[in-house]
A.B. asks: 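Right, I'll just put the structure down here and ask away after.
Heavy atoms only: backbone and side chains are in, while hydrogens, waters and symmetry mates are out. Below, chains carry the letters A, B, ... as their sequence lines are ordered, and counting in each starts from 1.
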Amino acid sequence: MSIYDTLNEQQKKGVFTTEGPVLLLAGAGSGKTRVLTHRISYLIDELGVNPWNIMAITFTNKAAGEMKERVEKLVGTGSDSIWVTTFHSTCLRILHRYSDRLGYENNFTVYDTDDQKTVMKEICKRLQIDPKKMKERSILSAISSAKDELITPEEFEKSAFGDYRLQQIAQAYKEYQTILKKSNAMDFDDLIMKTVELFRTDPQVLKGYQKRFKYIMVDEYQDTNTAQFELIRLLADAHHNLCVVGDDDQSIYKFRGANIRNILDFETVYPEATVIRLEQNYRSTQNVLDAANAVIRNNRKRKSKTLWTDKGQGSPIHFMEFLNGFEEAEFIADDVARKNREGIAHYSDCAILFRTNAQARLLEERFVIEGIPYNVVGGTNFYARKEIKDMLAYLKTIDNGSDDLAIKRVINVPKRGIGATTVIKVQDYADLHEISFYDALRQAEDIPGLGKASGKLKGFVNMIQVFRSKQEFYGLSDLIRDIIETTGYVRELEASGDDDAEGRIENIDELISKIVSFEEIHNQPTLREFLEEVALVADIDNLEGGSDKVLLMTLHSAKGLEFPHVYLAGMEDGLFPSYMTIASDDQEELEEERRLAYVGITRAKEDLTLCYAKMRMIRGETQVNAVSRFVREIPEELMDHRPSSMGSGFKREYEEENPFGSASFSRGGFPEKGSFKPKASAGPRKTAIENKPFIAGGGVGALHAAGIAKGVGAVSGGRPSYDAGDRVRHIKYGEGTVTDLEPGPRDYKVTVDFDEAGQKIMYAAFAKLEKV
DNA sequence: TAGTTGGGTTTTTTT
DNA sequence: AACCCAACTA
C-alpha cells in the first residue's frame, strides 16, 4: 500500500507523468494541491530526483508554505531545498543576485504601490501633465500593463506614435524607469520583467537556472501574465518538464494582466503536452456544486468541464434578503454565533466573503458588538500602514543609501524642522552634482541657502551613520528598538493624543515581534534579507492558523481556500457584479465577475448562505440594488428561499430608471439632514446600532421623498419641460435626444437616445434630465 | 515651518 | 464616508 493508492486515476496520471509538458486542468476542489505534493514526493522518493532540482511556483507565500509543509510530511528529508515560492519572490531572489548585470545594485529595494504613486506625482509635475486630464493612477496602470506584456519604454514610445496621450505616457514611463534606477529600486512588475530581461541578455545566468530546475510546476496557471509565461518558458526550455495546473473558470486577475490565453494555448505552445482533467470534486456537497455549475454555465469562453462529487446532496443554498447592510451584518453575526452555540460549527469553520474591502467594516462592527472573534484579511496591507512604512523607511535608509524615497519619507518624521523647501534645495543640489539625495545630505554645509537647516540635516545624517555603524554590534531587533528610542517616534505618537495612536503603536509592537521571530528563524539574519522578505508579503500570508476565528475577506483573497460554512455578502447587482462591469460593453468583464462568483461558491464545503441587502451605503451614497444576477442564475430548487421581487413594489416601479436595475440617491437629499445623524465628534466611534435607525427609519418612503425633494427634473405627475425631439443632458450619460415621452402609472416615462450611452428608458422624476 | 480646514475625488479586485 | 491635497493661518 503506497501513498499513491488514495489518488483517483486522473490524479495518478498527474503524479506519474513527470516527463515533458503537462497541463492539469483542475476544477475547484479537485485535489490539485494533493497532486502537486504527491508529484513532488514521487519525483524525490521514487525517481530519485534531487529536491534541489525541483521548483514549484504558487500564488501566495501562504500557499507556498502550506505546500512545503505537506511535502515535508510526504517525503522524509530534503524538502528544504525544493524551491517553493511565488513568482515575485523567485524573481527577487534571482535579481538580488544578478541585477548588477542589468545596471542595478544588488541591494535594490522594492517599491510598493504607494511609492510608485509618489514617484509618478513628481514626474507629472516635471512633465507638466495636467492631473485633471490624466491621473497618476491611470499612467501607472498603463505602465504596469506594459510591463506585464514585456513592453519596454522604447517600444512603448514607438507604438505611441501619433497619439498624444500615449506619447505622454511613454515619456512618463521612460522618466519613471530612470528615477527608479537612480533610486536603486524596482516595482512589482519590474521584478518579473527584469528577470526575463536578465535571462534574455545573459544566457549564462539562464543556463545556470535551467540546469538547476529540471522539474518545474506552476500553480494557478490561469492567472499568469505574459511576462510570467515567458519567464517560465525560458526556465523550462532546457528540460521541458513543465507541469502547469489551473482552472480557466477561476481566472480572476485579468485586471492585473493575467492572460487567459496562457492556459487556453498551452497545447499550441507545447504540442507534445499531456492534458489531464481533474473533474471529481472532493470539497463540496452536490447542492453547492450544482449552484456553481449553474452560474458558470453562463460563460461562453471556457474549456467546458463537468465537476461531480460523490458526496450527498447536502443542505440547500440559503438565500437571505435584508433591508440594508446593517441587517445583513446582524444576521450573519447572529447566524455564526448560533452555529457556534449549537455546536454546528467552530468560528474558524466560517468565512464571510465579499466583493469589496469596504464591506468589511459593517460586518466587523457587528462582530465586535456581539463579541465574536474574527479576522479581517486584506484592506490595507500591514506593511503598507503609515507607521510601518515609516519604520521600514528608516531600515531601508540604513540599508540602502540610494533609496531617495525612503530617506525623504523619514527625514522629517518625527518633526525635525526640516521642511519641504529644504528638501527641494537638497534635491536641486543633488541633481546639479549628479549625486544621490543622501550624498547631498552629507555635504549639507556646501549647499547654498540652507541656513540653519544645514545643521539639522547634519544631525539626521549623523543619526543614520550611527545606526549603520552600530549594526555590527547588535541585532535587528536591537536596531529597530534603537530607532524607535532615538527618533522618539513612539513617544511622539503617545503625546499626540490622536485616537488612532494606540493602534499605530500596537502595529509597531507587532513589527518588533515580526523582527524578533525573523531573527529566531534565520541563522544569520541580515537587514537586507528582512527587507526582502517583507517587500512581498500579501495580507493572506500573515494569517496564522489555529485560532478559532471567523474570517472576513474579499473573494479574491479567498481563492484557494475552503470553509465548511461560507457566507457571500452583498449579492447585489451593482456591487457584485460591480456597476463598472455591468455598464461595460465588454462581455468579458462580466464573465470575469461570474468566475469570481464561481470561486466564491466553490469555497463552501457544506453550507452556503447568500445575502442580499436592498439598500446599501456606498461612498456616502445609499443605493437601492436588485438581487445579483448570479443569485438568479442558481436554480430555485437548490435554494431554501427564492429571491422575491422586492416586496414593497418600489423596485419594480423604478427598475427602468437605469439599465442596472438600481436607483441611487444621495444622503444630502434628505430634508432633515443631520437630524438623525449622531455627531461624529461626540463620544466614541459610531456603531452599527446607532446608525441603524437612521437608515431603517429612512425607509422606502424617505427614498421617494428624497427624489422629489431634490426637485430635479420633472415632479411626479407633471409633464416635463422637454418633449420628444428635444435635446437633453443626463448627469451620467451626457447628451441625447428624447425619442419618446409617455405618461406612466405615476410618472412620465421618457425614452432618450444618448449620443454615448445609447437608448435608455427612465422615469422622468428620477432621470434628472436637463433641457439643452 | 506646522497645523488646520475646506474642497474635490473616488480601482472593485492585488503580487 | 474617507482620503488626499492645496490654501490659509499662527
A.B. asks: B/dT1, OP1 or OP2 - any side-chain N/O from A/Asn412 closer than 4.0 Å?
C.D. replies: no
A.B. asks: Does A/Lys514 qualify as a cation-pi partner of A/Phe382, given the criterion of NZ or CZ under 6.0 Å from the six-membered ring centre and within 45 degrees of its axis?
C.D. replies: yes
A.B. asks: Counting only side-chain nitrogens and oxygens, does A/Arg416 get under 4.0 Å of the OP1 or OP2 atom of B/dA2?
C.D. replies: no
A.B. asks: Would you indicate, yes or no, if B/dT14 has its OP1 or OP2 atom less than 4.0 angstrom from a side-chain nitrogen or oxygen of A/Thr554?
C.D. replies: yes
A.B. asks: Round to a whole Å and report the spacing from CG of A/Asp187 to C1' of B/dT15.
C.D. replies: 11 Å
A.B. asks: Please identify each residue that fulfils ring pair (Phe, Tyr, Trp, His ring centres under 6.0 Å) with A/Phe87, with sequence neighbours left out.
C.D. replies: none
A.B. asks: Any side-chain N or O of A/Lys559 under 4.0 Å from OP1/OP2 of B/dT14?
C.D. replies: no
A.B. asks: Between B/dT14 and A/Ser557, is there an OP1 or OP2 to side-chain N/O distance shorter than 4.0 Å?
C.D. replies: yes
A.B. asks: Under 4.0 Å between a side-chain N or O of A/Lys254 and OP1 or OP2 of B/dT13?
C.D. replies: no
A.B. asks: From CG of A/Asp541 over to P of B/dT14, roughly how many Å is that when rounded to an integer?
C.D. replies: 13 Å
A.B. asks: Report the residues that fulfil ring pair (Phe, Tyr, Trp, His ring centres under 6.0 Å) with A/Tyr253, sequence neighbours left out, ordered by chain and then residue number.
C.D. replies: A/Phe59, A/Phe255, A/His556
A.B. asks: Quick check, does A/Tyr253 stack with B/dT13? I mean ring centres under 5.5 Å and planes off by under 30°.
C.D. replies: no
A.B. asks: Is the distance from OP1 or OP2 of B/dT1 to the nearest side-chain N or O of A/Thr422 less than 4.0 Å?
C.D. replies: yes
A.B. asks: Roughly how many Å apart are B/dT11 and B/dG7, using the P atom of each and rounding to a whole number?
C.D. replies: 22 Å
A.B. asks: With A/Asp390 as reference, evaluate A/Lys396, A/Arg409, A/Arg385 under the salt bridge (Lys or Arg N to Asp or Glu O under 4.0 Å) test and give the passing residue.
C.D. replies: A/Arg409
A.B. asks: Under 4.0 Å: is that the gap between some side-chain N or O of A/Asn225 and OP1 or OP2 of B/dT15?
C.D. replies: no
